[in-house]
Chemist: 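One structure follows; several queries about it will come next.
All values below come from the heavy atoms of this structure, side chains included, with hydrogens, waters and symmetry mates left out. Note that the structure is predicted; figures quoted are calculated from it, not measured. All ligand and atom numbering here is 1-based and tracks the order in the structure.
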Amino acid sequence: MIHVLDTRHLGKRGIIATTALETNDGIALFDTGPESTFDNVVAELQRIGASAEDVRHVFVSHIHFDHAGAAWRFAELGATVYVHPRGAPHLIDPAKLVESATRIFGADMDRLWGRVAPIAREHLRVVEDQEVVRVAPFDIRVTETTGHATHHHVYNWDDVLFGGDVAGVRLGKGPPIPPFVPPELHVESWLDSIDKMRTLGAADLYLPHFGRVTDSLDAHFDALEQRVRDWSTWFRDRIRAGADEQELIPAFAEFEHADLRGGGADQSLVDGYESADPSYMAVGAAMRYWRKFHPAEISAAPAR
Ligand SMILES: [Zn+2]
């Protein structure tokens, strides 16, 4: 039995989910939401007849605070936290993570994400690409899926896939969009990851933002791939034309919102997408990506 638990982050429904799987060894949680919503998740666990202590396994897609921020709370209660090799050092010692997040969120850190504390090594299990973790009666397969972050995994069992952020943000009846965030956006890796997810042959996909995808997964991944390509190209052309960050922030918001409306989102859903994945984050991410990996493609076109 799988349950989508709403963290009600900042009082909003349908933005950040954690996914609970009932196993023979308690609850396996896929992502935890931020620490600031821990109490809401505990209330959601009670709604399904479980307690915080029943969570024995925590699989994090990646270590961003909206996904793994509350992992240390469950570890304190005895859960094992499964994480990518590149994510593990930051869960053991979160100092650098806090420092870089504070650069982005400043004084808002605590209100947005809550408290951060280290996870004891004995509660952490580093898992590698293609490893299978037995949590009876399930065999949970780990697949490394970079592009959104270098420390990202998706997890699948039976015909179910837990997708993390690399599988897209998709709210309500809106379309899937790729959350471009600094500093690790890598377009080619993202496209490879979409191919990897396609080959897992899942029938059901669960997203942290938000819940079970009701569309066919082929259609979902096709639409996601198209946006990874279109959005990165949109940025390339404007960066090449000399646009700076201050111009790109409102221009991209306008572009993205039009894209969302074209995909069936109304204004309140567009606002929801901004909460789940603020459009301004894509600007810094894309500028860094093009400058670092393809500087020649954004240098001014030669005169003809
Ligand atoms: Zn993320």
Side-chain angles (χ1 to χ4, degrees), residues 4 7 9-10 12 14-19 29-37 41 58-72 81-91 94 96-105 108-109 112-114 116 142-155 161-171 176-187 189-194 196-197 205-211 213 224 227-228 231-232 256 272-286 288-289:
V4 174
T7 67
H9 185 233
L10 304 177
K12 292 182 192 145
I15 306 294
I16 303 176
T18 115
T19 303
L29 214 54
F30 293 84
D31 285 352
T32 62
E35 196 275 338
S36 53
T37 62
V41 173
V58 172
F59 292 83
V60 300
S61 60
H62 62 307
I63 62 169
H64 292 159
F65 289 125
D66 52 333
H67 297 267
W72 68 271
V81 177
Y82 302 83
V83 64
H84 188 287
R86 279 191 286 270
H90 300 287
L91 295 186
K96 268 197 210 152
L97 200 62
V98 170
E99 193 187 301
S100 71
T102 304
R103 270 202 299 277
I104 301 174
F105 301 107
D108 240 9
M109 266 292 286
L112 288 173
W113 312 123
V116 182
V142 178
T143 302
E144 181 182 66
T145 39
T146 59
H148 169 80
T150 58
H151 45 83
H152 196 293
H153 281 149
V154 299
Y155 301 98
L161 172 62
F162 176 76
D165 273 351
V166 78
V169 168
R170 184 171 203 170
L171 309 182
I177 66 165
F180 283 5
V181 301
E184 293 166 353
L185 169 65
H186 192 260
V187 171
S189 302
W190 203 315
L191 296 172
D192 284 348
S193 293
I194 291 173
K196 284 187 187 179
M197 290 188 281
L205 169 63
Y206 287 84
L207 299 176
H209 317 284
F210 182 97
V213 168
L224 180 67
R227 281 192 179 80
V228 172
W231 290 15
S232 58
E256 180 185 325
Y273 276 91
E274 279 290 343
S275 298
D277 171 34
S279 60
Y280 78 88
M281 302 260 279
V283 176
R288 188 177 189 285
Y289 163 75

Chemist: Go through the structure and list residues passing ring pair (Phe, Tyr, Trp, His ring centres under 6.0 Å) with Tyr280, not counting sequence neighbours.
Modeler: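 Tyr280 satisfies ring pair (Phe, Tyr, Trp, His ring centres under 6.0 Å) with no residue once adjacent residues are dropped.
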Chemist: For the Zn ion (ligand 1), check which protein N, O or S atoms are under 2.8 Å away and list them.
Modeler: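 Hits for the Zn ion (ligand 1) below 2.8 Å: His62 NE2, His64 ND1, His148 NE2, Asp165 OD2.
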Chemist: Using the six-membered ring wherever Trp is involved, compare the ring planes of His186 and Tyr289 and label them parallel, tilted or perpendicular (cut-offs 30° and 60°).
Modeler: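 Rings of His186 and Tyr289: perpendicular, over 60°.
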Chemist: Considering residues at least two apart in sequence or located in another chain, which fulfil the side-chain hydrogen bond (donor to acceptor under 3.5 Å, both in side chains) criterion with Thr146?
Modeler: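 Checked Thr146 against side-chain hydrogen bond (donor to acceptor under 3.5 Å, both in side chains); zero matches.
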Chemist: Could you work out, with side-chain hydrogen bond (donor to acceptor under 3.5 Å, both in side chains) as the rule, every residue matching Ser275, not counting sequence neighbours?
Modeler: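 Residues passing side-chain hydrogen bond (donor to acceptor under 3.5 Å, both in side chains) with Ser275: Lys12.
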Chemist: His62 pairs by side-chain contact (heavy atoms from CB on, under 4.5 Å) with which of His153, His84, His148?
Modeler: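 Option passing the side-chain contact (heavy atoms from CB on, under 4.5 Å) with His62: His148.
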Chemist: So, applying side-chain contact (heavy atoms from CB on, under 4.5 Å) with Leu171, which one of Leu207, Ile15, Ile177 is it?
Modeler: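 Result for side-chain contact (heavy atoms from CB on, under 4.5 Å) with Leu171: Ile15.
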